[in-house]
Amino acid sequence: MEKVQDGVVEMERWERGEDITEREKRLIRETWSRVYGNCEDVGVSILIRFFVNFPSAKQYFSQFKHMEDTLEMERSVQLRKHARRVMGAINNVVENIDDMDKVSTILALVGKSHALKHKVEPVYFKIITGVMLEVLIEEYTDDFTPEVQRAWTKMKSLIYSQVTAAYKEVGWVQYPNSTM
């Protein structure tokens, strides 16, 4: 989200990419290894919360856009497949967190695909990374100390800023009928 102050556009703090320290990278890798061991179920939890709290996001998914029942979503083969893809993309970012050029390439591919092929509004990346962090904090309470949460907040910002940079690179424009 941008704010205009004195004619200058400012980004909210969490959207600016703050450097992730070596310690934070280690914390992210350590906590992610526990999360990724249960990647499909965690991914499904993230997507279900995302779709329940932001039902307009389902418009981009013909396979399950009409699903209202969370149990039906949980059992959906297509939703589970997408959850694995989402978690796999995050895993690629975490595995390459020491190589920001590779991270940028990974997230640029994700951003360009969602902009050009799927026509997904970029705000949904901001939303889903926030939902992801909420779910991880709830499901891994003991692991997600305040320090780990700060590290993951930086990761969330990194993902969003890199994906939106890809949208800008391909000349993304807001469509008049956008949902948000």
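Residue indices begin at 1 and follow the sequence shown.
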Stepwise side chain to side chain contact (heavy atoms under 4.5 Å, CB included) check, Tyr140 with Val35: CA-CA 8 Å; Tyr140 297 88; Val35 170; 3.7 Å; yes
Pairwise distance CG(Leu27) to CG(Asp143) - rounded to 0.5 angstrom: 10.5 Å
hydrophobic_cluster_shared for Val170 and Ile159, side chain cutoff 4.5 Å: no
Set of salt bridge (charged side-chain N to carboxylate O under 4.0 Å, His left out) partners for Arg75, sequence neighbours left out: none
For Phe64, ring pair (Phe, Tyr, Trp, His ring centres under 6.0 Å) partners two or more places apart: Phe51, Phe61
Side chain to side chain contact (heavy atoms under 4.5 Å, CB included) partner of Ile28, chosen from Val148, Leu158, Val94, Val93: Val94
Distance-only side-chain donor-acceptor flag, Ser76 / Gln78, under 3.5 Å: yes
Residues which pass salt bridge (charged side-chain N to carboxylate O under 4.0 Å, His left out) with Arg150, listed by chain and number, not counting sequence neighbours: none
Exam field: side chain Lys58 to backbone Met67, donor-acceptor pair closer than 3.5 Å: yes
Glu74: partners by salt bridge (charged side-chain N to carboxylate O under 4.0 Å, His left out), with sequence neighbours left out: none
Met132 with Val52, same ILVMFWY side-chain cluster at under 4.5 Å: yes
Between CZ on residue Arg49 and CD on residue Glu134, distance to nearest 0.5 Å: 5.5 Å
For Trp172 against Ala115, the heavy-atom pair lying closest together: CZ3-O, 3.2 Å
Set of ring pair (Phe, Tyr, Trp, His ring centres under 6.0 Å) partners for His66, sequence neighbours left out: none
Verdict with reasoning, His114 to Tyr124, per ring pair (Phe, Tyr, Trp, His ring centres under 6.0 Å): CA-CA 10 Å; His114 284 77; Tyr124 286 109; over 10 Å; no
For residues 81-88, please give each side-chain donor-acceptor pair under 3.5 Å, one per line with the distance, not counting sequence neighbours.
unit_1	atom_1	unit_2	atom_2	d
His82	ND1	Arg85	NH2	3.0
Arg84	NH1	Glu40	OE1	2.8

Verify same cluster id: Leu107, Met100 (apolar side-chain graph, 4.5 Å): yes
Note, Leu47 side chain near Met73 side chain (heavy atom, < 4.5 Å): no
Side chains of Met155 and Ile97 in contact at under 4.5 Å (non-hydrogen atoms): yes
Heavy-atom pair with the smallest gap, counting every atom of Lys126 and Thr129: O-OG1, 3.0 Å
Nearest-0.5 Å distance, CG of residue Leu79 to OG1 of residue Thr70: 11.0 Å
Arg29 side, atom CZ; Asp98 side, atom CG - distance, nearest 0.5 Å: 4.5 Å
Asp99: salt bridge (charged side-chain N to carboxylate O under 4.0 Å, His left out) partners, not counting sequence neighbours: none
Side-chain heavy-atom pair Ile90, Tyr36 within 4.5 angstrom cut-off: no
Gap separating the OG1 atom of Thr31 from the CG atom of Asp142, nearest 0.5 angstrom: 13.0 Å
Spatial distance of atom OG1 (Thr141) from atom CG (Leu136) [nearest 0.5 Å]: 10.5 Å
For the student: nearest non-hydrogen atoms of Ile128 and Phe50, plus distance: CD1-CD2, 3.8 Å
Those residues that, when tested against Glu139, pass side-chain hydrogen bond (donor to acceptor under 3.5 Å, both in side chains) (two or more places apart): Ser45
Carboxylate-amine/guanidinium contact Glu30 Arg26, below 4.0 Å: yes
side-chain hydrogen bond (donor to acceptor under 3.5 Å, both in side chains) partners for Lys102, two or more places apart: none
Exam field: side chain Lys65 to backbone Tyr60, donor-acceptor pair closer than 3.5 Å: no
For Gly111 against Ala166, the heavy-atom pair lying closest together: CA-CB, 4.0 Å
Gln149: partners by side chain to side chain contact (heavy atoms under 4.5 Å, CB included), with sequence neighbours left out: Ile137, Phe144
Residues forming a side chain to side chain contact (heavy atoms under 4.5 Å, CB included) with Glu95, sequence neighbours excluded: Asn91, Asn92
Where at least one partner belongs to residues 89-111, residue pairs that pass ring pair (Phe, Tyr, Trp, His ring centres under 6.0 Å), sequence neighbours excluded: none
